[in-house]
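Only one structure is covered here, and it is reproduced in the block below.
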Amino acid sequence: MITQFRKTLGYSLTTAFFLASGAAAAAEEATQSAETVSSGDLMELAANPANWVMWGGQYDGQRYSKLDQINADNAGSLQPAWTFSTGVLRGHEGGPLVFGDTMYIHTPFPNNVFAIDLKTQKIKWKYAPTQDPSVIAVMCCDTVNRGLAYADGKIFLQQADTTLVALDAESGEVLWKTINGDPSRAQTNTNAPLVIGNKIITGISGGEFGVRGYITAYDINDGKLIWRAYSTGPDETMLIDPEKTIDAATGEPVGKDSSLETWEGDQWKIGGGTTWGWFTYDPELNLLYYGTGNPGTWNPAQRPGDNKWSMTIFARDADTGVAKWAYQMTPHDEWDYDGVNEKILVDQKINGEMTPLVVHFDRNGFAYTQNRVTGELLKADKYDPAVNWASKIDMETGRPVLNEEYGTSGKVGTNVTGICPAALGSKDQQPAAFSPKTGLFYVPTNHVCMDNEPNEVGYTAGQPYVGATLSMYAGPGDITNPVKEFEGPRMGTFIAWDATTGETKWSIPERFSVWSGALATAGDVVFYGTLEGHLKAIDAKTGELLYSFKTPSGIIGNVNTWSFEGKQYLGVLSGIGGWAGIGMAAGLEDPNAGLGAVGGYKDLKNHTQLGGVLTVFTLPDSALDGQKVSQN
Amino acid sequence: MKFKRPFIVGCLAMGLAFAGQLSLAGSNGKQDQASTARSEPKTNDYSNLGVDGYTGTKPQSHTQVQSRKEFRNEEEPREVPPRANPVVNDYSNLGAEYGGDSPSPASASSEPTTPTVNDYSSMGAEYGSESKKTKTENADTASAGRLEPPKATKADLIVGYGKYHASCAQCHGEDAVGSSFAPSLVTRLKKLDYPTYVDVVTNGKTVFDSTTGGYSVMPAWKTNAAVMAHLDEIWAYLKGRAEGEVSSGRPQ
């Protein structure tokens, strides 16, 4: 397969390719045909720290780079190297991909794609899809796109209108397109797809519009459907084996009709469980890990039962899609705690034993540590001390122990106050990072609570199906091991978390939710962006601030890193939007506080405006001291 | 195990495909097509791209792309027009038929013929329904004919607050202050008149927003009974916000 790269790249690039990557040995050996593209090919590219070829760095989603040219001693000297305006002003989630000497950038709707020459920053090609703007009407939470996928000389774009496109990475030519859903039924897409071998995996959005969620695998060569697994309904449509698929909460097989039995009547048909988050993969187990979203309406009275398999972590066989195990985190959701956040795969010692783990920071405020082979629940702890909808997760049953006063079930027409976290969760889609060097997770969190009044809503296909009135505001002052003092309403915290003990090592308070994807590096520096727009470099061990730079707009994108011609670079998209762009009324416990009240979205407007810019950072040559980037 | 036959066939096919002997698509020429697409210049047919066909700059052929790299400074980046004819997959045996119904305007508005008439005077009583069925409310299209809104009461503001937040706040923000992708209605309602408000909410509006360089899309709510039945209360709440008579937070 690498031989095909040589044909398509062109001879002038081949030399640069070999210099920039350490993959020379791999290039000599490849004899595989395009039909049998294996995960190994992409893993080789990803293993080269000069590249950043998938959203999570590697299949494990750790968002960790072995690059260490930028370290805790010199990070203070970081500087912007170059910038690029995407030409779009909406929420910019996700981050740039880099392969060889080319960077690939995506935008929010209309989902343009740019291939940028890293040497000259020229635009090599642009793909500008034609999409009907009416799809915007059925995207609940801004017209974001979480990014591209790269494999086998192709760039893959999952468009908002559900079209999945394969582009030739060198020329930008369209190789194939396939339609993944139907916007007239309010099915749309915002997720970044993931390539596994000869398959590309992608989800679907629309949980606020009564969409019945599913995840699909297509052939990367021609877009043909390989398998699709629904999140609710009959067993065969969910690719669940009643005898073999394990319910990780109990350790037992899920049994027949595990979904149907937990819904009344036909509610499962509009039962949500959408799959708009991040996907990770274990090549040795051949398991795909992802989560499902809310069970349709936010009003629990309209859907009695556990509502499986919404709010669920799934481990599926990547070849067949059949579920090996499933674990529902928030049965009968009352708060919109979607279970779609990234499932990070790490190997760590827990209870004295090296264990293959999957760690997940859920919207519901609990950090789950599970055995990723069996799904066995090992730890589940609050990663924000303010979390109050449940007191704990019962380790025997795997179910949350609810605090009734913060539930909304049976309380239609009642305003339930002070629920923590708010619907947007202790963490939303913004992905965390893991450092194998420190053994810690670096987690961008929200510290927001809410009042929630369930209404009743009738379902009409293609219309929002929300059913609750929310008011959100900054959480209380509780913070674990803060690195600094902080005054005023606090809506965000960046934490260092130990998943083997369930403890926060240190916390960095932030005025606004930390809505960017974090990055960890071997230089023992971690990175994140703030909603005011600051790109921050932090000492991975102590939480000390090493560098801060105000980018053109609030950051909801992911910080990625790569190297080019011997230098390490960071890149992050700025562009406020997403759910973070929706007003959050901080400090308004007094409803009569009036229009002059400070805080929340009104305050965010004092710090940033719309934008759409990629900023790339690097160390100046003077800080490098003749040091070449090491790739150990 | 009740997997349907096509699924089992699919599993077998997947196994074979993985062994490199067979592709699920069944196309033996797939390998050749893929490499052909890369090594030979692709001539695209633009004749089906709109009424007048493709009128922009024709992209270079593939071989010219390679040579163009030597003259990088002189050429402009290519803009590749999207190709038509996406792959059509057959989802019919995968359980897709269990999903929500696709709305045609006729079916979506075919509510039962005797809609419930709600009594707003005692807020809260009728909202505690145990019914699981789609609640039918009085789809009040009389609003469309009015030039002036009806006189609002305190109860209307409370209903308007609730209905606004249940359906509109997702985009227009809490307390109607707006978001990064939908305007502040506190500002908009200062100048918006009632008939225009009814029209925009009922029929939607798509504008190319020159301030952002992109589209802004207001959905059409005409098939949503929960909103259409309460246009007047939502108006009362928003107008009150715009004129400073209703503060942020829940009206008491």
Side-chain angles (χ1 to χ4, degrees), chain A residues 8 10 12 33-36 89 123 125-127 129-130 133 136-137 140 142 171-174 176-179 184-185 210 212 221-226 228 230 233 236-237 269-270 319-320 412-413 455-463 466 469 471 576-577 581-583 585 591-592 594 610, chain B residues 1-4 11 14 20 23-25 30-31 34 38-39 42 62 65-66 69 77-80 82-83 86-87 89 94-95 98-103 108 124 127-129 132 134-135 162 165-167 170 173-174 177 179-181 206 212-215 217 219 223-226 247 249-250:
Chain A
T8 57
S12 59
S33 70
E35 274 180 321
T36 57
L89 292 175
I123 301 170
W125 54 258
K126 173 185 179 184
Y127 172 67
T130 305
I136 296 173
C140 77
D142 201 5
S171 65
E173 236 176 289
V174 175
W176 54 258
K177 288 186 189 178
T178 195
I179 308 295
S184 75
R185 290 164 60 173
R212 176 179 169 226
N221 293 301
D222 55 14
K224 289 288 170 68
L225 173 71
I226 297 177
R228 169 170 285 180
Y230 281 83
E236 60 270 22
T237 67
K269 294 183 183 178
I270 46 176
D319 294 333
T320 61
V412 172
N455 310 320
E456 183 165 357
V457 165
Y459 170 64
T460 308
Q463 294 278 346
V466 172
T469 295
S471 174
I576 189 73
I582 299 218
N592 299 313
L610 296 179
Chain B
M1 211 149 71
K2 282 191 182 157
F3 292 94
K4 296 198 172 115
C11 286
M14 272 316 306
S23 88
L24 192 64
K30 197 173 62 166
Q31 162 65 15
R38 288 200 195 91
S39 59
K42 195 171 179 68
H62 192 68
V65 170
Q66 290 187 346
K69 292 207 181 317
R78 301 202 285 126
E79 182 149 340
V80 183
R83 192 180 68 184
V87 171
N89 287 302
L94 294 175
Y98 292 114
D101 295 328
S102 187
Y127 292 100
S129 166
K132 315 293 183 308
T134 299
K135 192 160 176 77
H165 282 87
S167 295
Q170 189 84 58
E174 243 179 87
V177 298
S179 73
S180 63
F181 52 94
T206 298
T212 65
Y215 284 98
V217 179
T223 59
N224 186 308
S247 60
R250 184 174 290 266

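Treat the numbers as computed from the prediction; the structure is a model and nothing was measured. Convention: sequence-line order gives letters A, B, ...; per-chain numbering from 1.
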**Request:** Taking all non-hydrogen atoms of both residues into account, name the closest pair between Ser180(B) and Gly577(A) and its distance.
**Result:** OG-CA, 3.1 Å
**Request:** Determine the option with the most heavy-atom pairs under 4.5 angstrom with chain B, choosing from Asp142(A), Ile179(A), Thr178(A).
**Result:** Asp142(A)
**Asked** Counting only N and O atoms by type, is there a donor-acceptor contact under 3.5 Å from the side chain of Thr469(A) to the main-chain atoms of His165(B)?
**Response** no
**Request:** Supply the atom-to-atom distance Phe181(B) CZ to Ile576(A) CD1, rounded to the nearest 0.5 angstrom.
**Result:** 11.0 Å
**Request:** List the atom of Cys140(A), the atom of Gln170(B), and the distance in Å for their closest heavy-atom pair.
**Result:** O-CG, 3.2 Å
